[in-house]
Number of protein chains: 2
Amino acid sequence: MPGSFPMNGGDGTYSYAKNSQYQREATNVAKEIINEVIAEKLDVQSLIASSSNSFCIADLGCSVGPNTFFAMQNIIEVVDKKYYMTQGATSGSLEFQVFFSDHASNDFNTLFASLPPSRKYFAAGVPGSFYGRLFPRSSLHLVHSSHALQWLSKVPEELLDKTSPAWNKGRISYTSSSDEVANAYAAQFQKDMKIFLNARAKEIVVGGMIVLIMPGLPDGVHRSEFPLGVLDDSLCSSLMDMVNAGLINESQVDSFNLPVYAATLKEITEVIKDIGCFSIERMEVADPRSKIGSSINVHSLIMHFRAGLEDIFTKHFGREVIDELFERTFLKEAEISSALESSHNKGTQLIVALKRE
Amino acid sequence: MPGSFPMNGGDGTYSYAKNSQYQREATNVAKEIINEVIAEKLDVQSLIASSSNSFCIADLGCSVGPNTFFAMQNIIEVVDKKYYMTQGATSGSLEFQVFFSDHASNDFNTLFASLPPSRKYFAAGVPGSFYGRLFPRSSLHLVHSSHALQWLSKVPEELLDKTSPAWNKGRISYTSSSDEVANAYAAQFQKDMKIFLNARAKEIVVGGMIVLIMPGLPDGVHRSEFPLGVLDDSLCSSLMDMVNAGLINESQVDSFNLPVYAATLKEITEVIKDIGCFSIERMEVADPRSKIGSSINVHSLIMHFRAGLEDIFTKHFGREVIDELFERTFLKEAEISSALESSHNKGTQLIVALKRE
């Protein structure tokens, strides 16, 4: 069973609901592209002909909101507009069903309690890993997944093997590690992505689409220049400080790796072509930062990392070290800021639109 | 918005998960009838012809399990068996999707965490009141609802009006109250049931079915003989004891009524005929007690009531009086036991199977 590390639930200080503005900004950048893709590539009328005029959307890796609500609302508005423009009909006859999907450990109670009361769709929650089937065959018209596919199903096994050249001693990610480590991550990504696309190929009707938004690297940019790697390195450095202070053991750091990977355009293209059921309708790199403004608030960025990663750190290192870990990382803000400036800054946000053939 | 009073969540001493065996026994009684109805009345093959061989089931008012899992598992086995018998095919090509639906305040996190790992269906949760639309049109093949439709969408307004002949002073239910009170409940049931059936008429494909299991009264039995009314009266008597002890105010009891009603076969038949979209394929009264054995464990029965009613009592009277209320009711076990024996004991479990025409 794939690992499950939910974003922080509820709506407290460290919750994902309160610390996911960057993901939302990225979604806004993607919004224009999604709107164009739906307008130009999606044949709404023929898609819904066999489904009693219902249009079914799934958001995979939706977490607890509110970002998923904005994304779904946008898609519905665009599909609805297109339907009525081509149909020449009055509004109201097209019905939408939205499936919010994430691991069973995701806080669906919070998600359901915060559903927009004025929503114009039937909402459902679907628990389970997207590295496997989640829906009956040919039951979806559009699949959306934002900031979720960078999560691998698991840490590549070689990283934990002391005798392997891919043993990732003293590091928690691949961006600053050896090629062997990076290759192990890449292989795991490829394996997972194949499982993901094969499952979706069964679930999406012919003519239906997938839109994927995920951190990634433009071809030709080295992994060490990946901006989010700076944060991983900084957290790793805080962990090593805590080893030196006797708060945790070095072996705990050696055996910990984040199952997170940012693929390149080339890697993603290869997997899609291997699967063969999808045509690439759009694929590009965007820079969410251009919309947020050039200067990133590093404190806020660390809070975002905490909302997303607290669970996985807690499960490995124990709840009692989490505050210490992030307090120490906050002290490195200046250092992080300068490292971010020298990292790749031309866009690390991949947007991919595929059509089921 | 219809009132929402979820069963106790989690899996603690007072949880619904630990205190719903009686409902499960009732489900077992219903099981044989459901199996017969599916075998005799449901044309599985023509139903799934337009849905890529997927069969969609919804359980409305599912609570947190485990009863809903047993009920869904049973339906799937019977439908699957029928499909392969008529189809002569090998197993595996028919896919099932199960929608577990209840109020958004239901503990879906517990429900999702306890889904049977070996389930052979795609699971989804649907938050919302069944007194309204929950699904796109023609998207369901079979709807099941067990021990849920006795919950009205709200307390009839007249009951709270001091100037109305239906003012329910000093009582919390209708079984021992005046005809005016009982008529107000009956009218609310009729209104709610119409909304329920009209919504389902849109959601269920032609040829699809609804199976309803709900407490009810055989025609000709007076409401004062309804066994569960004994428990209501006993809780009411504990509340009045607490008024006399100065723990709560009498006006709090006067303004509290349980929005729960057990309809008669005649009342249900009338509403179904009024709606006109469903044929009655089966309708009968069963006695779950005959399977449990004749002697009811009153302590356990009170625990069941607590699991189901704690939330609604808490919202009106405050959390601090709940333990006291149930402690006082436990002291009335002998009295309850004897009152139950003189109540109607020939079955108060309605099972209704309808087909969408």
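Keep in mind that what you see is a predicted model, and the values were worked out from it rather than measured.
Counting heavy-atom neighbours within 6.0 Å of B:E157 CD, excluding the residue itself, gives a total of 12 or less.
Contact annotation for B:L115: only side-chain heavy atoms (C-beta onward) come within less than 4.5 Å of a heavy atom of chain A. There is no contact between B:F100 and chain A, counting heavy-atom distances below 4.5 Å.
Highest contact tally toward chain A, considering only B:A123, B:A124, B:S51, B:P127, is held by B:P127 [criterion: heavy-atom pairs under 4.5 Å]. Comparing B:F96, B:Y121, B:F122, B:F55 by how many heavy-atom pairs each has under 4.5 Å with chain A, the most go to B:F122.
The CG atom of A:N109 lies 9.0 Å from the CZ atom of B:F112; values are rounded to the nearest 0.5 Å. A distance of 5.0 Å separates CD of A:Q97 from CZ of B:F99, quoted to the nearest 0.5 Å.
The nearest pair of heavy atoms linking B:S54 to A:R137 is OG-O, 4.0 Å.
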